[in-house]
Participant: 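Got a structure for you, questions after.
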2 protein chains.
Amino acid sequence: MPTSSRPRYDRQSLTIVALDVFRQRGYDATSMEQLAAAAGISKAAIYHHVSGKEELLDAGLSMALDALEAVLGEEQATTGAPVDRVRHVMRRVVELEVELLAAVSVLLRARGNSAVERRALDRRRRFDRAVARLIAQAQSDGSLRDDIDPVIAARLAIGTATWLVEWYGTGGKLGVDALADAVVTMTFDGLAVRKR
Amino acid sequence: MPTSSRPRYDRQSLTIVALDVFRQRGYDATSMEQLAAAAGISKAAIYHHVSGKEELLDAGLSMALDALEAVLGEEQATTGAPVDRVRHVMRRVVELEVELLAAVSVLLRARGNSAVERRALDRRRRFDRAVARLIAQAQSDGSLRDDIDPVIAARLAIGTATWLVEWYGTGGKLGVDALADAVVTMTFDGLAVRKR
DNA sequence: ATGGAGCAACCGAACGTTCGGTCAGCTTAG
DNA sequence: CTAAGCTGACCGAACGTTCGGTTGCTCCAT
């Protein structure tokens, strides 16, 4: 069966392929040859769409960060009781992480070796701090415990959610709703059974 | 001031330097030249102690995994009520992660690109499964909630603890005991304040 | 309908640089 | 003195990128 046409990409579709390969191999361990093989085009063709490897990383990291930051602007994250806002943000983070698994996975492994990575790390820290402020508000109104520093609580909570990109999909059939439930339940109510 | 002597390394001390650089830059993004610069010796001198870059990675990953696995064999992890054993393991994991920060950080970023990394990932999965078995026991005797699958609970709990290597030490003066307390408290009791 | 022009996307070959590693010889600690 | 530890110069392979050229598709004039 002859191949009568060549695969066609644009910047966005190439970024999606790149993210999958970066997720599997790590950004630094992925060569442009490997990326080209995954896309089914030559290495040189990639440079028609992007100026270089880093532009693919930048595009992918932006996808993840744009989505996470947008959560903070949602109505349920900006109005209502602080504790409900924290819950909403946590659920949405889990949902987004499942939806943008590769992009978030690459994001959580950003190191700071380049300006692109450092910008992403800055945005991540700003996101963490915004969550910490929400948690601090919920602590102030007495709905969340205040014996854990809000910055630490935010980091632990976000870490719990974020780490799932490392194992989600590796077995079992847990849906995103059930997963978000588990994360929120453990984060807010803990694993221990209530003593009565 | 003349340098009248050259730094001297052995395999272990070189591994420690390597882990620090691997942690900062990522293993794949760390060149042997950068490693040599960090150690203050020439690149060629490294090969007197190790056969290659991967041997340094293997040594570092083994440090982390040996320590984690040893926790599972401790008396407080093998005897007593299952829920107490889970608590003990969580505390010890946090303590070890602080103590072996660079090694654990490199471990959690292992991808599977080489036999060394795949072995480490296998050992990580076995560790996770052992914790899941402990959690399942505590669920069976009613001390931990059983509406979250034990494998998922284990992954979430370990994820909470493990993620700390990404931010521990980046500000604040939280001691390891207080940190372990925060992790255990959130994992078992959650962030929400009890309703009465 | 057809063929030519134009274009975005693609190609193989080549580039300069960097990579992990090697080697003969030098240095230093015991 | 001796051997462990180290060095600068070097290696072939691979890296990300560039270059001049090709391809397949769409559009438009005839």
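Basis for what follows: all heavy atoms, side chains included, without hydrogens, waters or symmetry-related copies. In what follows, every chain begins at residue 1, and chains take the letters A, B, ... in the order their sequences are listed. Treat the numbers as computed from the prediction; the structure is a model and nothing was measured.
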Participant: Out of A:E74, A:E75, A:E69, which one pairs with A:R92 under the salt bridge (Lys or Arg N to Asp or Glu O under 4.0 Å) rule?
Facilitator: A:E74
Participant: To the nearest angstrom, how far is B:M32 atom CE from D:dT7 atom P?
Facilitator: 13 Å
Participant: In whole angstrom, give the distance that lies between atom CG of B:L35 and atom P of C:dC19.
Facilitator: 12 Å
Participant: Strictly below 4.0 Å: does B:H48 bring a side-chain N or O up to OP1 or OP2 of D:dT7?
Facilitator: no
Participant: Quick check: do B:F127 and B:V93 have side-chain heavy atoms less than 4.5 Å from each other?
Facilitator: yes
Participant: Looking at every strand, decide which applies to A:T30 at a 4.0 Å heavy-atom threshold: base, sugar-phosphate, or nothing.
Facilitator: sugar-phosphate
Participant: Within this structure, what is the CG-to-C1' distance between B:L57 and C:dG20, rounded to whole angstrom?
Facilitator: 14 Å
Participant: Starting the side chain at C-beta, find the nucleotide from D:dG8, C:dG21, C:dA29 nearest to B:R8.
Facilitator: C:dA29
Participant: For a quick test of reading the model: is some side-chain N or O of B:H49 closer than 4.0 Å to OP1 or OP2 of D:dA4?
Facilitator: no
Participant: Can a salt bridge be assigned to the pair B:E33 and B:R25 using a cut-off of 4.0 Å between side-chain N and carboxylate O?
Facilitator: no
Participant: Any idea which of D:dC6, C:dC11, C:dG21 is nearest the B:Y9 side chain?
Facilitator: D:dC6
Participant: Does the side chain of A:Y47 get closer than 4.0 angstrom to OP1 or OP2 of D:dT18 through an N or O atom?
Facilitator: no
Participant: Is A:R109 positioned over the aromatic face of A:Y27, cation under 6.0 angstrom from the ring centre and no more than 45 degrees off axis?
Facilitator: no
Participant: So, does the side chain of B:K53 form a donor-acceptor pair with the base of C:dG21 at under 3.5 Å?
Facilitator: no
Participant: Taking only the side-chain heavy atoms of A:S31 (C-beta and beyond), determine which of D:dC15, C:dC11, D:dA4 contains the nearest atom.
Facilitator: D:dC15
Participant: Atom NZ of A:K43 and atom C1' of C:dC10: how far apart are they, to the nearest Å?
Facilitator: 15 Å
Participant: Take the protein atom CD of B:E33 and the nucleotide atom P of D:dC10, then report the distance between them rounded to whole Å.
Facilitator: 15 Å
